[in-house]
Amino acid sequence: MGTWLEGKPVADKIRDQVKNEVALCQQTFGKVPGLVGILVGDNPASQSYLRMKEKACQSLGLYGQVLYLAANTARDQLKAKIEDLNNEDKVDGILVQLPLPKGFAAHEVISWINPEKDVDGIHPYSLGLLLQNLPGLRACTPLGVLELIKSAGVGIEGKDVVVIGRSLIVGKPLAAMITNENGTVTICHSKTKNLAQVAARADILIAAMGKPGFIGPEFVKEGALVIDVGSNAVSDKAVVRELFGDDPKREKEIQDKGFTWAGDVQPRVIDKAGWLTPSPGGVGPLTIAMLMRNTLEAFKGRHHF
Ligand code: GUN
């Protein structure tokens, strides 16, 4: 039986450090780091993520604001909005919540952000710095995953690390960051052959493909560190029962909210793994903490602090 690796205690430490440094910014410069999130359309999961980010800003003393734009906002209007924020001194971080509604090309929209303010770390310039292992803003969820691995006391150097999922915001930057830390990375995806066997070679297994309960014990080496990045809204009670067993709390959630959050990893994996992050409650709190730290870092970069 492994150990549950909870995100909150790790996130709380980072949040405390950020809070102290934000207070120092106020003392030194008479202003605090600022973050603006942009939501185009009304995706309910995106709304909930942005509310959490805004609340985090408030509790750590950063300036935080969410801009709500209609799904039918014109391309040029969104571009002009981002350019205004690029030129706004009190804004250090700009984040466009993904996914964008149909008709927008995410890569184009992200490219409009000034890389100095790219707190999501997904502008081509930020990704270029990452591949060159040069200092720069890094994607928040991969940064959070690295913090969780560190908190388990597991070193990355020389380890076999398998990342399942190749998204631009998690899988690909995470693989590059682990390479920079001298881990040996395999990236798997929907076309990978013998996925379970490949995954079961990993000392550190990271599930980030967005398929609820896909990872069972057959994917996991005895004693491995397993990080579950998956955060899926599941509304089918039968599916939940099959993947997670009888769980009255989840069933009540489906009754009340219409869905329950589920990770990519089955909770029963805890019996085989050395460590497993819960989902929700594992990676999620770290993503937000790292966004706050990135906004502070962007402020420091812009103020040569
Ligand atoms: N959608 C899901 N996760 C993220 C994230 O970390 N950043 C942005 N911009 N959109 C997301």
Side-chain angles (χ1 to χ4, degrees), residues 7 11 14 35-57 64-69 71 73 78 81-82 85-86 91-102 104-115 117-127 130 137-148 163 165-177 206-212 227-233 259 261-264 277 279-295 297-298:
I14 294 164
L35 172 67
V36 173
I38 302 176
L39 177 62
V40 188
D42 55 6
N43 181 313
S46 293
Q47 284 175 345
S48 131
Y49 290 142
L50 278 172
R51 268 197 301 270
M52 288 193 271
K53 292 169 183 177
E54 199 177 17
K55 250 179 65 187
C57 285
Q65 192 196 346
V66 180
L67 290 179
Y68 295 94
L69 304 179
T73 299
L78 177 57
K81 197 78 232 170
I82 291 176
L85 296 170
N86 283 340
V91 176
D92 301 284
I94 302 167
L95 116 99
V96 176
Q97 191 67 27
L98 302 175
L100 284 165
K102 272 203 190 76
F104 289 99
H107 70 93
E108 182 189 44
V109 173
I110 300 299
S111 76
W112 297 332
I113 298 172
N114 176 351
K117 301 191 177 187
D118 172 37
V119 284
D120 251 340
I122 53 174
H123 187 285
Y125 185 82
S126 307
L127 291 168
L130 166 62
L137 291 164
R138 304 283 198 252
C140 304
T141 299
L143 279 178
V145 170
L146 292 191
E147 290 292 335
L148 278 167
V163 178
R166 55 176 158 180
S167 69
L168 192 65
I169 202 152
V170 182
K172 282 179 186 165
L174 181 54
M177 284 159 68
I206 301 159
M209 72 282 224
K211 288 190 182 164
I227 306 274
D228 187 358
V229 181
S231 177
N232 310 287
F259 68 90
W261 291 111
D264 290 349
T277 63
S279 176
V283 175
L286 266 302
T287 295
I288 295 182
M290 300 323 281
L291 176 65
M292 299 298 111
R293 196 167 85 182
N294 274 355
T295 306
E297 289 304 317

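Residues: numbered from 1 along the sequence shown. Counting starts at 1 for both ligands and their atoms, in listed order. Atoms considered below: every heavy atom in the structure, side chains included; atoms not considered: hydrogens, waters and symmetry mates.
For ligand 1, the 4.0 Å heavy-atom shell contains residues Leu95, Val96, Gln97, Leu98, Asp120, Ile169.
Rounding to the nearest 0.5 Å places CG of Asp264 at 12.5 Å from CD1 of Ile206. Atom OH of residue Tyr125 and atom CG of residue Asp118 lie 11.5 Å apart, to the nearest 0.5 angstrom. With values rounded to the nearest 0.5 angstrom, Asp92 atom CG is found 6.5 Å from Lys117 atom NZ.
Between Leu50 and Gly37, the closest heavy-atom pair is CD2-CA, 4.1 Å. Considering all non-hydrogen atoms of both residues, Leu98 and Ile169 come closest at CD1-CD1, 4.3 Å.
Put simply, the side chain of Lys172 does not reach to within 4.5 Å of the side chain of Val163, judged on heavy atoms.
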